[in-house]
Q: 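Got a structure for you, questions after.
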Amino acid sequence: QAHLVESGGGSVQAGGSLRLSCATSGFTYSNCMGWFRQAPGKEREQVAYIGRDGSTWYADSVKDRFTISQDNAKTTLYLEMNSLKPEDTAMYYCAAARGTLLFGSAWCRRSDYYGVWGQGTQVTVSS
C-alpha cells in the first residue's frame, strides 16, 4: 500500500530555513510528486511539484526561495525552504500522483491528480 510520511517541520524565525522530507513506501514510480500547504482558514495551495521527467514547478510565492528535489532512488522527496516568511506558516503535505497514463504540467498542477497524501508536517515562521 502506498504511504507517505512527512518530517522536518518546526518553528523558525523569519529569514530562517527548513528542509522538509517525505518518505515514500509501497511504490517506486509516480508521475508527479508535489508539496502542498494549508494555512488556518485558507484553502490548500500547491507549493511545488517534480515530474517523472525531472521537470519542476513552483508557486510564485515561493519561487527562488524553495527547492523541490528527490533522492536518486526516488524514495524520498524534499523541500528546501530558505528565506522563510511568516506567510509561509502552514501545514505542509506531500502527495504522489500515480496509476494513470495522463501526464504533463497541466495535470501535475491539479490537486485532484494526486491520489496519495501524507499526514502533514507543521511549519511555523515567526516575525
Q: Using 0.5 Å steps for rounding, measure from the CD atom of E80 to the CZ atom of R19.
A: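 CZ of R19 is found 6.0 Å from CD of E80.
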Q: Just say parallel, tilted or perpendicular for the rings of Y114 and F36, cut-offs at 30° and 60°.
A: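 The arrangement is perpendicular - the two ring planes meet at more than 60°.
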Q: State yes or no: do Y49 and F66 share one hydrophobic cluster built from I, L, V, M, F, W and Y residues joined by side-chain heavy-atom distances below 4.5 Å, directly or via other members?
A: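 Cluster IDs for Y49 and F66 differ.
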Q: Are L18 and L84 side-chain neighbours, meaning at least one heavy-atom pair lies under 4.5 Å?
A: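 When only atoms from C-beta onward are counted, L84 and L18 do touch, with a gap below 4.5 Å.
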Q: First locate atom CE of M33, then atom CG of L79, and finally report the distance between them rounded to the nearest 0.5 Å.
A: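 Interatomic distance, M33 CE to L79 CG, rounded to 0.5 Å: 11.5 Å.
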Q: Looking only at heavy atoms, which two atoms of A39 and A90 are closest? And how far apart?
A: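 Scanning both residues, the minimum pair turns out to be N-CB, 3.8 Å.
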Q: Rounded to the nearest 0.5 Å, how far does OG of S69 lie from NZ of K74?
A: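 That separation rounds to 12.0 Å.
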Q: Under the side-chain hydrogen bond (donor to acceptor under 3.5 Å, both in side chains) criterion, do Y29 and R52 qualify, and how do the steps go?
A: CA-CA 8 Å; Y29 180 83; R52 68 188 188 198; 3.2 Å; yes
Q: When you look at CD of Q119, are more than 12 heavy atoms from neighbouring residues, nucleotides or ligands closer to it than 6.0 Å?
A: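 Atom CD in Q119 is not packed in, count stays at 12 or less.
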Q: With the side chain counted from C-beta on, respond yes when L77 and T24 share a heavy-atom pair under 4.5 Å apart, and no when they do not.
A: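 Of all side-chain heavy-atom pairs linking T24 with L77, none is under 4.5 Å.
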Q: Establish, from distance only, whether the side-chain atoms of N31 and Y113 form a donor-acceptor pair under 3.5 Å.
A: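 Yes, side-chain donor-acceptor contact under 3.5 Å.
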Q: Could you give the distance from OG (S61) to CD (E87), rounded to the nearest 0.5 Å?
A: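 So the OG of S61 and the CD of E87 are separated by 8.5 Å.
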Q: Would you say CG of D53 has more than 12 non-hydrogen atoms from neighbouring residues, nucleotides or ligands within 6.0 angstrom?
A: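 Atom CG in D53 is crowded, with more than 12 foreign heavy atoms closer than 6.0 Å.
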Q: Is the shortest side-chain heavy-atom distance between L20 and Y78 below 4.5 Å?
A: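 No, side chains not in contact.
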Q: Grouping I, L, V, M, F, W and Y whenever their side-chain heavy atoms are under 4.5 Å apart, do F27 and W35 come out in a common cluster?
A: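 In one cluster: yes.
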Q: Measuring from C22:SG to E6:CD, what's the distance to the nearest 0.5 Å?
A: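 C22 atom SG to E6 atom CD measures 5.5 Å (nearest 0.5 Å).
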Q: Report whether W57 and W107 are members of the same hydrophobic cluster (ILVMFWY, side-chain heavy atoms less than 4.5 Å apart, transitive linking).
A: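 Linked within one cluster.
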Q: Donor-acceptor pairs are to be reported for all side-chain atoms of residues 92-103 against protein atoms at under 3.5 Å, with residues two or more places apart or in another chain.
A:
from: Y92; atom 1: OH; to: R37; atom 2: NH1; distance (Å): 2.9
from: Y92; atom 1: OH; to: D88; atom 2: O; distance (Å): 2.6
from: T100; atom 1: OG1; to: L102; atom 2: N; distance (Å): 3.1

Q: Quick one, T121 and S7 - any side-chain contact, counting heavy atoms below 4.5 Å?
A: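 No, too far: nothing below the 4.5 Å cut-off.
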Q: From T76 OG1 over to D71 CG, what is the distance, rounded to the nearest 0.5 angstrom?
A: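 Taking OG1 in T76 and CG in D71, the distance rounds to 4.5 Å.
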Q: Is there a path from M81 to V12 through hydrophobic residues (I, L, V, M, F, W, Y) whose side chains come within less than 4.5 Å of each other?
A: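 Yes, M81 and V12 fall within the same hydrophobic cluster.
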Q: Are side-chain heavy atoms of Y58 and V47 found at a separation under 4.5 Å?
A: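 The answer is no; the side chains never approach within 4.5 Å.
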Q: Indicate the atoms forming the closest heavy-atom contact of S17 with S83, along with that distance.
A: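 Heavy atoms only, the tightest pair is OG-N, 4.3 Å.
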Q: Can you find a pair of side-chain heavy atoms, one from S111 and one from Q46, that are under 4.5 Å apart?
A: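 No; the side chains remain at least 4.5 Å from each other.
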